[in-house]
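Reckoned from all heavy atoms, side chains included, excluding hydrogens, waters and symmetry mates.
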Amino acid sequence: MKTVRNLCFLVVLMLLVGACHSNDEKRGNWRKEQAFGGAGRIGAVSFKIGNAVYIGTGVNTNQVELKDFWAFNETLNWEEVDTLPAGAKARYGAVAFSDGKYGYVGLGYAANNNRYGSEQPEYFSDFYRFDPSAGRGSQWTKLGDFPGEQRRYATGFYVPSPNGSTGKGYVCFGSNNEGRNPKGSFKDWWEYDTQTDTWKQIGVYGDKREGACVAVVGSTAYIFTGVDDAGTYPTDFIKFTPFAGATSDTWWSLLDPLKDLDGRSYDNDYGMLPRAYAVSFVTGADSEATTRIHLATGSRLSLLSDCWEFNPYDHAEGRWNEVSNFPGGQLRQAGVGFTQNGFGWVTLGGANSSPSMNLSMRTSTYSFEPGVENWDQDDEW
């Protein structure tokens, strides 16, 4: 009888363990690549123009905000480009996007923890345009300020027009929690016209948050994850199609939430998805067979290693599946994710999303090859 009871206990235990973890077949391979060319940092931004990815700003291990920028080209080498111009202050938690010709960078925050004198923490509303074809020393141009609330860790992206005309830039979410009148997290949405250098608010949608992820496939943006000022991790998954209708009230829709709902078997592990300060990137062409949105790194009370892919063409709601874990010795949040040469890439980040003493910073860079067996997974430090 004792043996039977022990066997029953083991069966129940195995069922509980299985219910808490994804049973997806984990595919994809992480490989260590050449380290980032500059200093380790958190809260950097990135944008892509042509075959080059540009990464800059952030705050380093000495709690000093940064304004340098680096290019990562198709030969997988790092090269420093112009820093933000003289009138722009160093910052972290900014936003960036690209229309394919220029890069746009703005907003953000400076804690000024390592500044001497009376300098106080500050948020920013200024914006700048980067032109890679300009000569060194003149690659940045000051633009008009963002008219909404100043904020950090907002979400910025560009959506191209499906008919070949000029697309639009967008900024949403973010937070402002410092000073005598903290405003908390936001959920307002703003549209930027790159031709006229003008902003307009287009709506309020979704759960308020900062540190969210965004991925753009064709002329559709997908926004997910993040954390609000109360420490709650939103589970809403937003699909944004700004060219789908004449009025903005048709541009937003919700996909399956990032949680387990009764009556469905495919989302039993979706509770593992919510997190903050993660990275996302897109691999594959715009087709059902190859296009995948990836979610990696980030934190939910502690740093996370589980990684996921989403097929936007799989059913009306899409589907998330777990893929190979991020290398265990290199966990991070507030890093940078991007796509280069058909692979996903992750670089920078650290143990926290804001500067603090003895903050662990990363310069290590990893590429992710989707769809392959992970037999040669690279776990190096």
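- When the side-chain contact (heavy atoms from CB on, under 4.5 Å) test is applied to T75, the partners found at least two apart in sequence or on another chain are N73, N77.
- Here K67 pairs with nothing under the salt bridge (charged side-chain N to carboxylate O under 4.0 Å, His left out) rule; sequence neighbours left out.
- Between the R264 side chain and the D262 main chain, no donor and acceptor come within less than 3.5 Å of each other.
- Sorted by first and then second residue, the pairs that involve residues 83-111 and meet salt bridge (charged side-chain N to carboxylate O under 4.0 Å, His left out), not counting sequence neighbours, are K89-E122, R91-D126.
- Legend: side chain to side chain donor-acceptor pair (under 3.5 Å) pairs involving residues 216-228, not counting sequence neighbours: none detected.
- Residues forming a salt bridge (charged side-chain N to carboxylate O under 4.0 Å, His left out) with E309 (at least two apart in sequence, or on another chain): R292.
- Scanning for ring-ring contact (aromatic ring centres under 6.0 Å, His included) contacts around F368 gives W30, H294, with sequence neighbours left out.
- Screening residues 136-148 for salt bridge (charged side-chain N to carboxylate O under 4.0 Å, His left out) gives D82-R136, K142-D145 as the qualifying pairs, with residues at least two apart or on separate chains.
- The ring-ring contact (aromatic ring centres under 6.0 Å, His included) search around F97 returns Y104, not counting sequence neighbours.
- Applying the side-chain contact (heavy atoms from CB on, under 4.5 Å) test to A44 and every residue at least two apart in sequence or in another chain returns R41, I55, V336, L348.
- S305 meets the side-chain contact (heavy atoms from CB on, under 4.5 Å) test with N325, L331; sequence neighbours excluded.
- The salt bridge (charged side-chain N to carboxylate O under 4.0 Å, His left out) search around D197 returns none, not counting sequence neighbours.
- For D193, the side-chain contact (heavy atoms from CB on, under 4.5 Å) criterion is met by K168, Q195, T196, T198, not counting sequence neighbours.
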